[in-house]
Amino acid sequence: MLCVGDLRAGYGRSRVLHGVDFGLRAGELVALLGRNGAGRSTTLKAIMGLVPAQGAVTWQGQALLGRKPFEIARAGVGYVPEGREVFPTLTVRQNLELGRKRGRVPQRWTMPRLFELFPQLAKRRDTAAGVLSGGEQQMLALARTLIGEPGLVLVDEPTEGLAPRLVEQVGQCLVELRRAGLAVLLVEQKLAIALEIADRCLLLGHGRIVFDGTPAQLRERPDLRREWLEV
Ligand SMILES: Nc1ncnc2c1ncn2[C@@H]1O[C@H](COP(=O)(O)OP(=O)(O)OP(=O)(O)O)[C@@H](O)[C@H]1O
Ligand SMILES: [Mg+2]
């Protein structure tokens, strides 16, 4: 279980998060939604130790705040940043090998298991990552995070810039991760996909969680969508 309590973070003097509270269980896919600049990426970075933050963040009872990103990764938290950073000149397989944690043998997410989850990557295992499509690069970024055997994955806008068919595919991959028992925290701009795949939606506004409920509950609240999502 991930517990985020009164999380506050910002950049220099500008405060972005003013006290974010939510929880996330294993086997749960939660979408973190909000307008551009609401602080969704900052929330993920604060959990991952990439921006200084105050408050409390615990994952499976271990306190994360104040620890270094590599220590947080070692505690079982995987992070897929915006912009699918893959190594373009390395092959798919080489990119995956880089995701492997030193001295740790993959248990769950072995190479064959990953290629089963992402059949498109299997076909292109010896292709340079730079020539993959945007959707394939996104899957590679996800797969590389899984090879580190996380229990929780933080995924920042994985469908950005993808064609609708690929949005759907990436969405289904995230559903598979949830089915495999991972906790997934998804930052998403597209409300439709979040409503389709998430167990719960969080709305971030004015640096706080202003709504925490099911997609069905959010569907019934056009007022909230107008206030916190639409531009
Ligand atoms: N490195 C940084 N230095 C200073 N300010 C930043 C930095 N990164 C983000 N910000 C500011 O913090 C606020 C929240 O940014 P954040 O990246 O968390 O937004 P977001 O909700 O992910 O939205 P989007 O991804 O659409 O930009 C924004 O006002 C942004 O300009
Ligand atoms: Mg962002």
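As the structure lists them, so they are numbered: ligands from 1, and atoms in each ligand from 1. Residue numbers run from 1 in the order of the sequence given.
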- May I ask whether E157 has any heavy atom positioned less than 4.0 angstrom from an atom of ligand 1? yes
- Message: What protein heavy atom lies closest to atom 24 (P) of ligand 1? Include the residue and the distance to one decimal.
- Response: R40 NH2, 3.4 Å
- Message: Could you identify the single nearest non-hydrogen protein atom to atom 17 (O) of ligand 1 and state the distance to 0.1 Å?
- Response: S41 CB, 3.6 Å
- Query: So, are K190 and E157 salt-bridged, with charged N and O less than 4.0 Å apart?
  - Reply: no
- Item | Closer than 4.0 Å: a protein non-hydrogen atom to atom 30 (C) of ligand 1 | no
- Query: What's the shortest distance from atom 16 (P) of ligand 1 to any protein heavy atom, and which residue and atom give it?
  - Reply: T42 OG1, 3.5 Å
- To which protein heavy atom is atom 23 (O) of ligand 1 closest, and what is the distance rounded to 0.1 Å? G37 N, 2.8 Å
- Note on the structure: min-distance protein heavy atom vs atom 10 (N) of ligand 1 -> Y11 CE1, 3.4 Å
- Decide whether an N or O pair under 3.5 Å exists between N36 and ligand 1. yes
- the Mg ion (ligand 2) to S41: any N/O/S contact under 2.8 Å? yes
- Query: Which atoms of ligand 1 have any heavy atom of E82 under 4.0 Å away?
  - Reply: 25 (O)
- Query: Is the shortest side-chain N to carboxylate O distance from R178 to D199 below 4.0 Å?
  - Reply: yes
- Message: Any salt bridge linking R165 with E168? Criterion: basic side-chain nitrogen under 4.0 Å from a carboxylate oxygen.
- Response: no
- Message: Please determine whether a side-chain nitrogen of the Lys or Arg among R225 and D223 lies less than 4.0 Å from a carboxylate oxygen of the Asp or Glu.
- Response: no
- Can a non-hydrogen atom of K45 be found less than 4.0 Å from any atom of ligand 1? no
- Message: Taking the six-membered ring of F115 as reference, does the cationic atom of R125 (NZ for Lys, CZ for Arg) lie under 6.0 Å from its centre and within 45° of its axis?
- Response: yes
- Message: Would you compute the distance between atom OG1 of T58 and atom CD of Q62 and round it to the nearest 0.5 angstrom?
- Response: 9.0 Å
- Message: Assess, by modelled atom type and distance only, whether the side chains of D126 and T91 contain a donor and an acceptor separated by less than 3.5 Å.
- Response: no
- Residues E71, R74: salt bridge by 4.0 Å N-O rule: no
- Query: So is A38 close enough to ligand 1, meaning a heavy atom under 4.0 angstrom away?
  - Reply: yes
